[in-house]
Amino acid sequence: MTSRAWLRQDRELIPGTEIFRSERQFAMEAYSASHRQLLLRSNPVDDEHETTIDLLFKPVEAIKIRDGFAGLVIRCATVSEAAQIMTALPRASPDRGDRVFMLESQGRFDYVISMAFGWHEGILPRVQGSFFHTADAYLPRWPTGPLFGLNAGFNAASAQDLVYALNSDDHRPVRRDRFRYVFVLMTDVGSGNRPKISGAGVFLTRADAEQAQSLLAAKVTSCWIETLPVAM
């Protein structure tokens, strides 16, 4: 099953209109302050649900949510509800496109103020942080988190964790939510306008990569270090 939508036009977000409903459990998965994005998620539950549901609000101006939702209905606030909520938030304004999304669960109401909202339900690959974060075409590297933006490093693994993972025989199909940066020494042994680029080695620390670089520098046209994330 795959279902997705992205709503940002006035005709799609009419005041008072219900836009999403689910009986599943939801909780905040991630928030990116640098890109003003909020991600709520419902994870697969044993044999009951095999899909993941990601709900994304962006760009976010204000949030009032709880730590979890047992069933969730999202609707566009009525004109009076939006006016009452925005009165206490001087930076939010419908004139610039801000909208109030009401989140209802078990008779209680929360809200998110943002310009757009969308969802994606499907089978989330183990190495993908969310349906809303894919590799950038200008820098095609594996995303280390569920949202674009600065990474606080909370899901960074230690070098010891990486060594253990490399030596472990446990290959269970678990989610790859953590990462460890490694340092790849790249070389170019081409000549003129004909580069011949290849990787010369992968190192756990930058110091080791720099030492190897000093040993190879005189042997090649050029060499440099690239930092790449390893999914744990």
*Asks:* Over 60° means perpendicular and under 30° means parallel, so classify the ring planes of F20 and F26, tilted if in between.
*Replies:* perpendicular
*Asks:* Is it true that, when you exclude E18 itself, more than 12 heavy atoms of the residues, nucleotides or ligands shown sit nearer than 6.0 Å to its CD?
*Replies:*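 Counting neighbours around CD of E18, more than 12 heavy atoms of other residues, nucleotides or ligands fall under 6.0 Å, so yes.
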*Asks:* Of all the heavy-atom pairs spanning A82 and A77, show the shortest one and how long it is.
*Replies:* N-CB, 4.0 Å
*Asks:* For L204 and V182: C-alpha separation, side-chain torsions, deciding distance, then whether side chain to side chain contact (heavy atoms under 4.5 Å, CB included) applies.
*Replies:* CA-CA 5 Å; L204 293 183; V182 293; 4.2 Å; yes
*Asks:* Which atom pairs, donor and acceptor, lie under 3.5 Å between side-chain atoms of residues 216-225 and protein residues at least two apart or in another chain?
*Replies:*
{"residue": "T221", "atom": "OG1", "partner": "D188", "partner atom": "O", "Å": "3.4"}
{"residue": "T221", "atom": "OG1", "partner": "G190", "partner atom": "O", "Å": "2.6"}
{"residue": "W224", "atom": "NE1", "partner": "E226", "partner atom": "OE2", "Å": "3.1"}

*Asks:* List the residues meeting side-chain contact (heavy atoms from CB on, under 4.5 Å) with P59, not counting sequence neighbours, and say none if there are none.
*Replies:* R36, M115
*Asks:* Could you tell me which residues satisfy side-chain contact (heavy atoms from CB on, under 4.5 Å) with L147, sequence neighbours excluded, listed by chain and number?
*Replies:*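 Per chain and number, L147 pairs via side-chain contact (heavy atoms from CB on, under 4.5 Å) with A30, S32, Q37, L39, L56.
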*Asks:* Using the rule that Ile, Leu, Val, Met, Phe, Trp and Tyr join whenever any side-chain heavy atoms are under 4.5 Å apart, tell me whether V127 and L228 fall into a single cluster.
*Replies:* no
*Asks:* Would you say Y111 ends up clustered with L7 if hydrophobic residues are merged whenever their side chains have heavy atoms under 4.5 Å apart, either directly or through other cluster members?
*Replies:* no
*Asks:* Would V184 end up clustered with L166 when hydrophobic side chains under 4.5 Å apart are linked, directly or stepwise?
*Replies:*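 Yes, it is one cluster - the side chains of V184 and L166 are joined through contacts under 4.5 Å.
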*Asks:* Quick one, I74 and F57 - any side-chain contact, counting heavy atoms below 4.5 Å?
*Replies:*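 Side-chain contact under 4.5 Å: yes.
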*Asks:* Show the nearest heavy-atom pair for residues R75 and G16, with the distance to one decimal.
*Replies:* CD-O, 4.4 Å
*Asks:* Atom CD of E81 and atom SG of C76: how far apart are they, to the nearest 0.5 Å?
*Replies:*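 The CD atom of E81 sits 10.5 Å away from the SG atom of C76.
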*Asks:* Is there a chain of hydrophobic side chains (I, L, V, M, F, W, Y, each step under 4.5 Å between heavy atoms) that links M232 to V202?
*Replies:* yes
*Asks:* Residues in side-chain contact (heavy atoms from CB on, under 4.5 Å) with R126, at least two apart?
*Replies:* P173, R176
*Asks:* Would you check if L38 and S114 make a side-chain contact, meaning some heavy-atom pair closer than 4.5 Å?
*Replies:*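 Contact flag for L38/S114 side chains = no.
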*Asks:* So, do Q213 and F203 sit near enough that their side-chain heavy atoms are less than 4.5 Å apart?
*Replies:*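 The answer is no; the side chains never approach within 4.5 Å.
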*Asks:* Between D54 and S130, what is the shortest heavy-atom contact and its length?
*Replies:*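 Scanning both residues, the minimum pair turns out to be OD2-CB, 3.3 Å.
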*Asks:* Quick one: list whatever passes side-chain contact (heavy atoms from CB on, under 4.5 Å) with P229, sequence neighbours left out.
*Replies:* W142, T144, F179, Y181
*Asks:* Donor-acceptor pairs under 3.5 angstrom involving side-chain atoms of residues 101-109: please list them, not counting sequence neighbours.
*Replies:*
{"residue": "S105", "atom": "OG", "partner": "A70", "partner atom": "N", "Å": "3.3"}
{"residue": "S105", "atom": "OG", "partner": "A70", "partner atom": "O", "Å": "3.4"}
{"residue": "S105", "atom": "OG", "partner": "G71", "partner atom": "O", "Å": "2.7"}

*Asks:* Residues two or more places apart in sequence or in another chain: which of them pass salt bridge (charged side-chain N to carboxylate O under 4.0 Å, His left out) with E12?
*Replies:*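 E12: no salt bridge (charged side-chain N to carboxylate O under 4.0 Å, His left out) contacts found.
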*Asks:* Do Q128 and T52 make a side-chain contact, defined as non-hydrogen atoms from C-beta onward lying under 4.5 Å apart?
*Replies:* no
*Asks:* Indicate if V230 and L185 have the same hydrophobic cluster label, given that clusters are the connected sets of ILVMFWY residues with side-chain heavy-atom separations under 4.5 angstrom.
*Replies:* no
*Asks:* Could you check L40 against V112 for side chain to side chain contact (heavy atoms under 4.5 Å, CB included), going step by step and ending with a plain yes or no?
*Replies:* CA-CA 11 Å; L40 304 182; V112 176; 5.9 Å; no
*Asks:* With rounding to the nearest 0.5 Å, note down the distance linking CH2 in W6 to CH2 in W119.
*Replies:*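 The CH2 atom of W119 is 11.0 Å from CH2 of W6, to the nearest 0.5 Å.
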*Asks:* Evaluate the side-chain proximity of D161 to R178: yes if any heavy-atom separation is below 4.5 Å, no if none is.
*Replies:* yes
*Asks:* Got a sec, which pairs hit salt bridge (charged side-chain N to carboxylate O under 4.0 Å, His left out) with one end in residues 196-214, sequence neighbours left out?
*Replies:* none
*Asks:* What are the two closest non-hydrogen atoms of A209 and F183, and how far apart are they?
*Replies:*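 Looks like CB-CB, 3.8 Å.
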*Asks:* With no hydrogens and no angle check, is any side-chain donor or acceptor of H120 less than 3.5 Å from a backbone partner on F132?
*Replies:* no
*Asks:* Are any non-hydrogen side-chain atoms of L124 and R41 less than 4.5 angstrom apart?
*Replies:*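 Answer yes - side chains close enough.
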*Asks:* Hey, what do you get for CD1 (I197) to CE (M186), rounding to the nearest 0.5 Å?
*Replies:*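 These two atoms lie 6.5 Å from each other.
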*Asks:* Check salt bridge (charged side-chain N to carboxylate O under 4.0 Å, His left out) between R180 and all other residues, then give those that pass, not counting sequence neighbours.
*Replies:* none
*Asks:* Could you work out the complete set of other residues in the hydrophobic cluster of V73, with links drawn between I, L, V, M, F, W and Y side chains under 4.5 Å apart?
*Replies:* none
*Asks:* Taking only residues two or more places apart in sequence or in another chain, which ones pass side chain to side chain donor-acceptor pair (under 3.5 Å) with R175?
*Replies:* D177
*Asks:* Kindly compute the distance separating CD1 (I85) from NZ (K64), expressed to the nearest 0.5 Å.
*Replies:*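 Between atom CD1 of I85 and atom NZ of K64 there are 8.5 Å.
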*Asks:* Within this structure, what is the CD1-CZ distance for the pair I53 and R24, rounded to the nearest 0.5 Å?
*Replies:*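 One finds 4.0 Å between CD1 of I53 and CZ of R24.
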*Asks:* Given 3.5 Å as the limit, does a donor-acceptor pair link the side chain of T87 with the main chain of A83, or not?
*Replies:* yes
*Asks:* List the atom pairs, with distances to 0.1 Å, where a side-chain N or O of residues 90-98 and a protein N or O form a donor-acceptor pair under 3.5 Å, not counting sequence neighbours.
*Replies:*
{"residue": "R91", "atom": "NE", "partner": "E61", "partner atom": "OE2", "Å": "3.3"}
{"residue": "S93", "atom": "OG", "partner": "D95", "partner atom": "N", "Å": "3.2"}
{"residue": "R96", "atom": "NE", "partner": "D98", "partner atom": "OD2", "Å": "2.7"}
{"residue": "R96", "atom": "NH2", "partner": "E61", "partner atom": "OE1", "Å": "2.3"}
{"residue": "R96", "atom": "NH2", "partner": "R91", "partner atom": "O", "Å": "3.4"}
{"residue": "R96", "atom": "NH2", "partner": "D98", "partner atom": "OD2", "Å": "3.2"}
{"residue": "D98", "atom": "OD2", "partner": "S93", "partner atom": "N", "Å": "3.0"}

